[in-house]
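Sequential numbering from 1 along the given sequence is applied to the chain's residues.
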Amino acid sequence: QVQLVESGGGLVQAGGSLRLSCAASGLTFRSSSMGWFRQAPGKEREFVARISWSAGSLFYGDSVKGRFTISRDDAKNTLYLQMNSLKPEDTAVYYCAADVRGLVTVRAQYWGQGTQVTVSS
């Protein structure tokens, strides 16, 4: 059974930082693509960042390039998102996602429950 559990969300002032974690279980990690997505109220779910367990390739959405960093710890089966220089526009529910079929997208196989990130001005 695949399970993804996010943590690390919260309230932060603009310009501050947060680190999100996603604990994964039940996955074939070496063949899984994993990523972070976010959704603000009234908006569609948006791609944030992606990483491949097998190849270690990284890809970021334009809105977060230079500010966010995706990484993984294979020993802990954990995905991370380091978020720096946060802006009010980053306020959203952040979701961890995984897919063993190919590159993870907004239509991923598996999703976490989400964690709220709120950035105040």
Side-chain angles (χ1 to χ4, degrees):
Q1 184 178 29
V2 174
Q3 188 172 12
L4 305 174
V5 181
E6 303 101 331
S7 61
L11 174 65
V12 65
Q13 295 278 0
S17 299
L18 285 174
R19 189 181 74 162
L20 306 183
S21 298
C22 172
S25 61
L27 289 173
T28 303
F29 299 105
R30 64 182 296 273
S31 60
S32 296
S33 175
M34 301 188 70
W36 291 96
F37 299 79
R38 67 187 184 186
Q39 188 166 23
K43 294 190 175 183
E44 296 182 4
R45 191 163 297 185
E46 176 189 19
F47 170 76
V48 175
R50 183 179 69 232
I51 188 169
S52 171
W53 292 114
S54 59
S57 60
L58 309 177
F59 192 75
Y60 297 93
D62 289 341
S63 63
V64 305
K65 284 182 178 178
R67 299 188 298 121
F68 291 10
T69 303
I70 189 170
S71 62
R72 71 188 188 217
D73 186 334
D74 290 341
K76 296 182 178 181
N77 297 328
T78 301
L79 180 74
Y80 301 99
L81 184 69
Q82 178 66 46
M83 305 185 294
N84 298 327
S85 301
L86 283 162
K87 305 174 181 179
E89 304 94 276
D90 296 317
T91 296
V93 176
Y94 283 70
Y95 297 92
C96 175
D99 206 309
V100 299
R101 303 170 300 183
L103 296 178
V104 64
T105 70
V106 293
R107 303 181 72 167
Q109 274 184 299
Y110 309 109
W111 293 89
Q113 82 287 346
T115 185
Q116 177 70 47
V117 172
T118 302
V119 184
S120 61
S121 300

*Can you see which heavy atom on G102 is nearest to which on S33, and at what distance?*
O-CB, 3.3 Å
*Looking only at non-hydrogen atoms, find the nearest pair between V119 and T91 and report the distance.*
N-OG1, 2.9 Å
*According to the salt bridge (Lys or Arg N to Asp or Glu O under 4.0 Å) rule, which pairs have a member within residues 92-104, sequence neighbours left out?*
D99-R101
*With rounding to the nearest 0.5 Å, note down the distance linking CG in L81 to OH in Y94.*
7.5 Å
*Do E89 and S63 have side-chain atoms, one donor and one acceptor, less than 3.5 Å apart?*
no
*Flag yes if V117 and L79 sit in one hydrophobic cluster, no otherwise; membership is Ile, Leu, Val, Met, Phe, Trp, Tyr, and two members link when side-chain heavy atoms are under 4.5 Å apart.*
yes
*Once you round to the nearest 0.5 Å, how far does CZ of F59 lie from CZ of F47?*
6.0 Å
*Taking every non-hydrogen atom, the tightest pair across Y60 and A49*: CD2-CB, 3.6 Å
*How long is the gap from CD on Q116 to CG on L11, to the nearest 0.5 Å?*
9.5 Å
_Minimum heavy-atom distance T105-W111, with the two atoms named_ = O-CZ2, 3.7 Å
*Out of curiosity, does Y95 fall in the hydrophobic cluster containing V5 (side-chain heavy atoms, cut-off under 4.5 Å, transitive links)?*
no
*Got a second to check how far S57's OG is from I70's CD1, nearest 0.5 Å?*
10.0 Å
*asked:* Return the CG to OG1 distance between N84 and T69, rounded to the nearest 0.5 Å.
replied: 6.5 Å
*Which heavy-atom pair separates L4 from A98 by the least distance, and what is that distance?*
CD1-N, 3.9 Å
*Could you state whether L86 and V48 fall into the same hydrophobic cluster, counting links through intermediate Ile, Leu, Val, Met, Phe, Trp or Tyr residues with side-chain heavy atoms under 4.5 angstrom apart?*
yes
*Taking the side chain as every heavy atom from C-beta outward, state whether Y80 and C22 have any atom pair closer than 4.5 Å.*
no
*Between CG of D90 and CZ of R38, what distance do you get to the nearest 0.5 Å?*
4.5 Å
*Is any NZ, NE, NH1 or NH2 atom of the basic residue among D62 and K65 found under 4.0 Å from an Asp or Glu carboxylate oxygen of the other?*
yes
*Does V64 share a hydrophobic cluster with L20, counting links as ILVMFWY side-chain heavy atoms below 4.5 Å and allowing steps through other members?*
yes
*Looking only at non-hydrogen atoms, find the nearest pair between A92 and A40 and report the distance.*
CB-N, 3.8 Å
*Quick one: does L27's side chain get under 4.5 Å of M34's, heavy atoms only?*
yes
*Mind checking side chain to side chain donor-acceptor pair (under 3.5 Å) for E44 and listing every partner two or more places apart, or none if nothing turns up?*
none
*Side-chain heavy atoms under 4.5 angstrom apart, residues restricted to Ile, Leu, Val, Met, Phe, Trp, Tyr: same cluster for V2 and I51?*
yes
_Residue pairs involving residues 6-28 (criterion salt bridge (Lys or Arg N to Asp or Glu O under 4.0 Å); sequence neighbours excluded)_ = none
